[in-house]
Amino acid sequence: MDPQALTTLFGIPGFYEQQLALNLPPKLPPDQPTSPLSFHPSTPVSKYYDPPYNLSLNTTAQHIIWYPPEAFVEYPETSVGGTLHVFQGITPATILPHLNIVYSLGSPKGQSTSAEPRKCKGILVDAQGNDMLCVRKLRTCQGSKVCPHADLDMLVAPHTKASCSDISDRFRTAFLNEKGLATSCHELYDKTIAFFSSLTQGCLHRHSIETEFTPEEREAKTLAQARVLEIRRGQKIDEGLCEGRLKLMEDAFGGYYIQCEHYPPESVRDHRISGSLQESDTNHLIAPFDNDQEALDAIEEKARSCGYGGLTACPYTTNSTSKRVICPYTHVNPPTLHRIPCAAKFIMYIPLDLNICPNVAILCQHEHPHPIPTPSKTPPAVACAILDTLLSMGSDVATLTPRRFMQHPVTRAMLRK
Ligand SMILES: [Zn+2]
Ligand SMILES: [Zn+2]
Ligand SMILES: [Zn+2]
Ligand SMILES: [Zn+2]
Ligand SMILES: [Zn+2]
């Protein structure tokens, strides 16, 4: 297989640009391409315009990238001055290129898609070079969701493009969890926090025994229930569950366990009681039951110095289309995720008749002040790795079959990584 064909297939702009830098001299589109049908580059061709290129009366692009047919672009580059992506060889049966974009696209609020056909001057033209009438669709980026305990300064650092390594980094953080290569004290800390988090559910026993609460306790309970309701988005909470306080008990052998204050009443033996808690840090376990804030602070400070715990930033982020409401990482009270908004725009120009002009253009404007979204379809990180492997096989690629690919020494070297 021609390795170039693969760069086209996996279409990662950062990679394209590297390739472009290697292809000297790059073929540049004429300033006014008279006929796009005669213009079929085999690799993307990129050109900067200063002053910006006028697409219509008040729309300009400072950078235009022409892609060969079948290009697959998931992270189209954007810029403050506008980057126009021109996809060639689109037929009415082709999947339109905006559907490959990984950013969550939404319809702009208050602005409906213009029904009136527009033109994309000098770019979307017929064989004679006449501007085509196009459908113009506006989509806005929906940003990302992040944990409120995130390091926002870092997460909102704007990006305009995603390179191969950015995407694999993002892929790695999304699919490994927060722990990565966790130390044993980090594991122990997380287990203890997860245990505290499970205790916030209370006794869970069905048969309610009246529990006397102080007004402060009652207020805290009401707040906690409101939070649970928010997390469950209005879904009802079970009523009539035991509200007994959970206590930390010490057994005859110096071990600890948890028990509901109503355990065991005369006839009911099934209130909450845990087995011996061996997998927790004892000091950490006792501190909240003793209301020992000093000990808790010392534990958090030690965790922070090792790079984990409640005082460090939570690295969790997800795409704004994710159904997830609360942060899945280690928190005693997992917080509700926040959305980072984004003003980046995607303006699509689709000729009314693709048979006359088989090109589609997408204009990307503004930066993305949020993390790079995770790929949900083809994982580009995997694609990048395969691509690198294929490229390093050199001339062997021409005679490659799937079986030979798997047995090739270069593939085996990659899989060992
Ligand atoms: Zn979090
Ligand atoms: Zn952790
Ligand atoms: Zn019962
Ligand atoms: Zn109970
Ligand atoms: Zn965005």
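Treat the numbers as computed from the prediction; the structure is a model and nothing was measured. Excluded from the calculations below are hydrogen atoms, water molecules and symmetry mates; all remaining heavy atoms, backbone and side chain alike, are included. Counting convention: from 1, in listed order, for ligands and their atoms alike.
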To the nearest 10°, what's the angle at the Zn ion (ligand 1) between atoms SG (C327) and SG (C147)? 110°

What angle, to the nearest 10°, do the atoms SG (C242) and SG (C260) form about the Zn ion (ligand 4)? 110°

Quick check on L57: does its CG atom have over 12 non-hydrogen neighbours (other residues, nucleotides or ligands) under 6.0 Å away? no

Given atoms SG of C314 and NE2 of H331, what angle do they subtend at the Zn ion (ligand 1), to the nearest 10 degrees? 110°

Indicate, with yes or no, if the rings of F346 and H98 have centres closer together than 6.0 Å. no

Report, rounded to 10°, the angle at the Zn ion (ligand 5) between the two atoms SG (C141) and SG (C342). 110°

Quick one: the ND1 of H368, the Zn ion (ligand 5), NE2 of H370 angle, rounded to 10°, please. 110°

Strictly under 2.8 Å, is any N, O or S atom of H262 next to the Zn ion (ligand 4)? no

Tell me if a side-chain donor or acceptor on D251 pairs with a main-chain N or O of F253 at a distance below 3.5 Å. yes

Whether the side chain of D126 engages the backbone of D131 through a donor-acceptor N/O pair (distance < 3.5 Å, no angle test) should be reported. no

Could you label the plane-to-plane angle of the H149 and H331 rings as parallel, tilted or perpendicular, counting under 30° as parallel and over 60° as perpendicular? tilted

